[in-house]
Amino acid sequence: MEGTNLHQIGVSFKGSGSYVPNQILTNKKISKKVDTSDEWIRSRTGISQRRISGLSETVSEMGYKAALAAIEMSKWDLETIDLIILATSTPNDLFGSAPNIQARLGANNAVAFDLTAACSGFLFAVITASQFLKAGSYKRAIVIGADQLSSYVDWNDRRSCILFGDGAGAIAIEATNELDNLIGFSMRSDGDRGAFLNLPSQNNQDLIIDDITYLSGGYSTINMNGQEVYKFAVREVPLIIENLLKKTNFNSEKIDWLLLHQANQRILDSVGDRLNFSPEKILSNLTNYGNTSAATIPLMLDEAIRNKKIKQNDIIATSGFGAGLSWGAALIKWG
Ligand code: UT7
């Protein structure tokens with residue numbers, strides 16, 4: 001699809017969808033694998049269980065199902081979709097999993113590509129897609145957040161394996177010349193602190209022929225300094241949201257929902273507290289899914305829309321944060 005430069009002024013949010021794998025890994029079951037307990041995990045994280053991908057539940061498959069549900073809610077014809085962005089750190093094809101989703105959907109006119117920013121990925125992808133729409137280059141976009149971290153978790157490391165799960169969520173965004181429901185946003189990166197949470201490549205040197213060597217490809221497992229990531233989140237997330245609210249002339253009273261990356265209930269509570277949000281406004285479903293990386297925000301959003309918690313024109317302050325380090329916030333009006 002080629003850009004047309006019609007210069008739309010804003011975007012509106014038209015639909016949502018999500019998918020989680022069938023296998024359920026409870027705290028009780030994890031306690032059989034590593035030295036932990038249901039009580040420890042619940043009290044330190046708020047997590048009770050997480051979903052783990054089965055054989056066919058790849059990022060493409062989960063992302064496809066989430067995208068299809070969002071398209072159905074938006075009632076769009078597949079041919080009218082111009083752009084598909086898949087936020088993921090765990091593509092089932094390193095060259096990109098988005099085109100596979102585009103093909104499965106039969107969205108023949110859409111350009112599709114992956115975007116990687118770990119747990120901030122979905123938010124960064126929504127903002128990226130919105131720039132194409134606001135510029136008038138494209139009219140309709142699907143943004144997906146999908147991750148399968150279970151493939152990269154060290155299942156013998158009790159400090160990290162209890163946190164993560166698999167899943168996908170998606171939203172449909174449309175250009176409009178009447179209003180802008182992406183009220184404001186902010187994005188940040190700090191590579192100096194990247195080692196607090198990473199998933200580096202692990203290369204072995206091998207010989208091609210004679211004296212010519214190459215590095216064989218592969219990845220290690222998730223490497224995390226939990227305490228440092230915790231401190232980063234409870235310091236930076238309130239700041240970035242606070243500054244965004246100031247910039248857009250909003251305050252916590254005028255916001256209907258606080259939708260944070262679902263990392264740890266204690267982080268959600270602490271950020272909510274710092275920003276003076278009443279607990280009923282803080283959306284949380286991590287007890288059921290754990291941290292699904294790029295999927296947590298659209299998974300939570302879709303659940304809250306489908307059970308009619310979030311309604312048309314509700315104002316949502318959202319923030320993604322995690323590896324990179326990366327973090328960001330956006331203020332959106334749903335609809
Ligand atoms: O998208 C971002 C992804 N990452 C995060 O969100 C991570 C943010 N950090 C956290 O959520 C928390 O730091 C954790 C939940 C990972 C850990 O909680 P904590 O309260 O910071 O625990 P800690 O690392 O300070 O460890 C306290 C104790 C230690 O024992 P000692 O040294 O005091 O004897 C750990 O060995 O708890 C022990 N411990 C565990 N015990 C039972 C660590 N993990 C476990 C466990 N079960 N799973």
Side-chain angles (χ1 to χ4, degrees), residues 25-50 87-90 116-125 145-167 169 187-191 193-200 221-238 240 259-272 282-287 289-300 318-329:
L25 177 60
T26 59
N27 290 348
K28 207 170 153 197
K29 281 198 176 153
I30 260 195
S31 311
K32 290 189 193 170
K33 172 84 181 153
V34 290
D35 182 15
T36 188
S37 66
D38 178 48
E39 202 283 323
W40 194 97
I41 302 172
R42 275 178 202 261
S43 62
R44 298 283 178 134
T45 71
I47 299 164
S48 312
Q49 59 182 46
R50 65 289 290 145
T88 188
S89 305
T90 53
T116 300
C119 301
S120 311
F122 178 76
L123 191 75
F124 284 16
D147 263 310
Q148 191 181 338
L149 286 184
S150 64
S151 301
Y152 299 96
V153 162
D154 176 353
W155 288 105
N156 293 309
D157 177 13
R158 69 173 184 173
R159 293 168 305 133
S160 61
C161 74
I162 51 149
L163 291 177
F164 300 107
D166 302 333
M187 298 193 285
R188 296 290 306 278
S189 305
D190 180 4
R193 289 185 278 173
F196 290 160
L197 178 56
N198 61 8
L199 178 42
T221 49
I222 293 172
N223 172 35
M224 185 181 78
N225 181 332
Q227 288 185 357
E228 288 296 343
V229 177
Y230 189 94
K231 281 192 270 179
F232 146 72
V234 298
R235 185 185 141 70
E236 301 290 2
V237 175
I240 200 167
L259 172 48
L260 303 178
H261 165 52
Q262 308 278 298
N264 182 322
Q265 189 61 45
R266 284 158 56 213
I267 296 177
L268 268 56
D269 294 342
S270 166
V271 173
I282 304 172
L283 294 167
S284 174
N285 66 356
L286 60 81
T287 188
Y289 307 115
N291 179 345
T292 56
S293 194
T296 67
I297 292 175
L299 196 56
M300 182 66 253
T318 182
S319 174
F321 52 89
L325 296 179
S326 63
W327 66 108

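When a ligand or atom number is given, it counts from 1 through the structure's own listing order.
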Which of the numbered atoms in ligand 1 are below 4.0 angstrom from a heavy atom of Asp35? 42 (C), 47 (N)
Heavy-atom nearest neighbour in the protein, as seen from atom 19 (P) of ligand 1, with distance rounded to 0.1 Å: Arg44 NH1, 3.7 Å
Strictly by salt bridge (charged side-chain N to carboxylate O under 4.0 Å, His left out), give each pair with a member in residues 26-36 just once, sequence neighbours left out. Asp35-Arg158
Look at atom 36 (O) of ligand 1 and say which protein heavy atom is nearest, naming residue and atom and giving the distance to 0.1 Å. Arg158 NH2, 3.0 Å
Proximal ligand 1 atoms for Asn291, defined as those under 4.0 Å from one of its heavy atoms: 1 (O), 2 (C), 3 (C)
Does some non-hydrogen atom of Val34 fall short of 4.0 Å from ligand 1? no
Option with minimal heavy-atom separation from atom 21 (O) of ligand 1, where the choices are Arg159, Gln227, Glu228: Gln227
If we number the atoms of ligand 1 from 1 as shown, the ones under 4.0 Å from a heavy atom of Val229 are 4 (N), 5 (C), 7 (C)
Between the candidates Asn264, Leu325, Asn225, which shows the shortest non-hydrogen contact distance to atom 10 (C) of ligand 1? Asn264
Asn223: what forms a side-chain hydrogen bond (donor to acceptor under 3.5 Å, both in side chains) with it, not counting sequence neighbours? Asn198
So if I apply the side-chain contact (heavy atoms from CB on, under 4.5 Å) rule between Val271 and each of Asp269, Ile267, Leu268, which one comes out positive? Ile267
Select the closest option to atom 18 (O) of ligand 1 among Phe232, Trp40, Tyr230, judged by heavy-atom distance. Trp40
Less than 4.0 Å between a side-chain N and a carboxylate O, is that true for Glu39 and Arg44? no
Would you say Gly226 has any N or O atom under 3.5 Å from an N or O of ligand 1, going by distance alone? yes
Heavy-atom contacts with Thr36 under 4.0 Å: which atoms of ligand 1 show up? List them by number with element. 42 (C), 46 (C), 47 (N), 48 (N)
Using a distance threshold of 4.0 Å (strictly less than), state whether atom 14 (C) of ligand 1 has a protein heavy-atom neighbour. no
Using distance alone, decide if ligand 1 has a nitrogen or oxygen within less than 3.5 Å of any nitrogen or oxygen in Thr45. no
Heavy atom of protein closer than 4.0 angstrom to atom 43 (C) of ligand 1: yes
Using a 4.0 Å heavy-atom cut-off, which part of Ile41 comes near ligand 1: side chain, backbone, both, or neither? neither
To check your reading of the model: name the closest protein heavy atom to atom 4 (N) of ligand 1, its residue, and the distance in Å. Met224 SD, 3.4 Å
